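A short worksheet on the structure shown next.
Chain letters run A, B, ... following the sequence lines, proteins first and then strands; every chain starts at 1. Only a predicted model underlies this, so the values are computations on that prediction, with no experimental measurement involved.
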2 protein chains.
Amino acid sequence: MANSKAISSAVIRRLPRYYRFLGELISSGCIRISSRELSDKMSLTASQIRQDLNCFGGFGQQGYGYNIEELHEEIGKILGLDHKTDAILIGAGNLGRAVTNHMDFDNRGFQLVGIFDQNEELVGQKIKEIEVMHTNNIESFCQTHSPLVAILCIPKTATKSISDRLIPLGIKGFWNFSHYDLLDRHPGIIVENVHMSDSLMTLSYKISQLQKEE
Amino acid sequence: MANSKAISSAVIRRLPRYYRFLGELISSGCIRISSRELSDKMSLTASQIRQDLNCFGGFGQQGYGYNIEELHEEIGKILGLDHKTDAILIGAGNLGRAVTNHMDFDNRGFQLVGIFDQNEELVGQKIKEIEVMHTNNIESFCQTHSPLVAILCIPKTATKSISDRLIPLGIKGFWNFSHYDLLDRHPGIIVENVHMSDSLMTLSYKISQLQKEE
DNA sequence: TAGATTGTTAATCGATTAACAATC
DNA sequence: TAGATTGTTAATCGATTAACAATC
């Protein structure tokens, strides 16, 4: 099974993309696909796809290819989408609200169970059926509900102190949208940084290069 | 200069992070830093930092290290943050509004010059001083203002058709937030996908692994 | 000058691609 | 069975790390 050799993060980062493409293939009624065909659709090499999938097991069949629905389900399991992890959102500003409304947590392995903000005006409002609580209540909430993951949509200045406060409460993973670089220096703590700002600067770089070429 | 050998995308993706850390060092009043010290702060190797920076030029001084402000400015220039590229936003829903309000476009090399949505109710509303226009007006707006970049905050079903519509209007780069995988198959067109959904699934994977270990 | 730290070359490591025997 | 396509090993490529001479 999986744990025999550690899976490289390059492979892991490709899994959601496979999952997405396979989901679309299911919607369009396809039944089977070869690594060759999939590589065309995804702009990868067939070799890489086979290599990637074989980190987890032999999901294909020689001479046939892969059963799309089966492979989709297997990758879903590998990604842990077959069970829900409780998550809380810290920060119900523009971004926090957009993330709450926009993300399909249920189909991505999570359940949003609490929303917190320190702005009194937001407390009591409902976002997607969930009432915003004051950040003062984080401790008691975590003690009762034991969420494992926190989504951080707060200013970068608050990120360090909030994460230091959440870790002793049992939070093991952070989905960090703040422009602060949360490093996973605590052993056993997982950080997934989004860094939209870095993404925008990368685009700026590429656009600049394009203009230089002309 | 830069163009002698193509810079690998691994290096480019690290540049915004350098830029961010250097900016913070400036705020905290530091003047100079060695690759060693910076590598500690950023959890990299000193070797990698020197290697990365030397893709663009010798910004350091033997025996001294790097002047933080100078290096910050140089990286800013490399990223193209010293001039503004006009951008339009397509989709003024939750996510589009959050992106508009949340991102510091001015300091990331862009200026947001137009916002479009097909929802009549949103048309005429103002977001950050910019009035939302109906998507019907995209053509005339682009002909007049010639924006180079489009930010896509629209459902995945609309992404392909909108991008096909924007490219003939002179849009050269896409910052794509939709869950659709916009591939840069058109020559000369740049795509930067955000894929928050993939990021969330990656977190799900890591959390699952953590739970298995226990 | 001596000490520090860069820029840069060489060595290592890891990831991707190619090839092909196994097998459905 | 013959054809197709996988799983897997070997070859290649690229990125990271180590080492050190150059030099401020």
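Counting only heavy atoms from C-beta outward, the side chains of A:Arg108 and B:Ser197 approach each other to under 4.5 Å. When side chains are defined from C-beta on, A:Leu166 counts as touching A:Ile162, because their heavy atoms get closer than 4.5 Å.
Near DNA chain C, defined here as any heavy-atom distance below 4.0 Å, the residues from residues 26-47 of chain A are A:Thr45, A:Ser47, listed numerically. Of the residues in residues 61-69 of chain A, A:Gln61, A:Gln62, A:Gly63 come within less than 4.0 Å of DNA chain C through at least one heavy atom, sorted by number.
OP1 and OP2 of C:dT16 both lie 4.0 Å or more from every side-chain N or O belonging to A:Gln51.
Whole-Å rounding puts the A:Asn54 CG to C:dA18 C1' distance at 16 Å. Atoms CD1 (A:Ile12) and P (C:dG14) sit 15 Å apart, rounded to a whole Å. In this entry the distance linking CD of A:Gln48 with C1' of D:dT6 reads 17 Å, nearest Å. Rounded to an integer number of Å, the gap from B:Arg13 CZ to D:dA15 C1' is 16 Å. Across the protein-nucleic acid pair, B:Ile49 atom CD1 and C:dG7 atom P stand 12 Å apart, rounded to whole Å. For the pair B:Phe59 CZ and D:dC24 C1', the interatomic distance rounds to 18 Å; values are reported in whole Å. Distance, A:Leu71 CG to D:dT5 P: 16 Å, rounded to whole Å.
Under the 30°/60° scheme for interplanar angles, the aromatic rings of A:His145 and A:Phe141 are found to lie parallel. Using bins of under 30°, 30° to 60° and over 60° for the plane-to-plane angle, the ring pair B:His72/B:Tyr19 lands in the parallel bin.
Pairing partner, C:dA22: D:dT5, with both Watson-Crick or wobble hydrogen-bond distances short of 3.5 Å. Under the Watson-Crick or G-U wobble criterion, with both distances below 3.5 Å, D:dC13 is paired with C:dG14.
When distances run from any side-chain atom of B:Arg50 to the nucleotides C:dT6, D:dG7, C:dT9, the shortest one goes to C:dT6.
Residues A:Glu192 and B:Ser199 bring a donor and an acceptor atom of their side chains to less than 3.5 Å of each other. A donor-acceptor contact closer than 3.5 angstrom links the side chains of B:Asp181 and B:His195.
Geometrically, A:Arg32 engages A:Tyr64 in a cation-pi contact defined by less than 6.0 Å to the ring centre and at most 45° from the axis.
Within a 6.0 Å radius of NZ in A:Lys156, other residues, nucleotides and ligands contribute 12 heavy atoms or fewer.
Minimum interatomic distance between B:Val99 and B:Cys153 (heavy atoms only, all atoms of both residues): CG2-SG, 4.2 Å.
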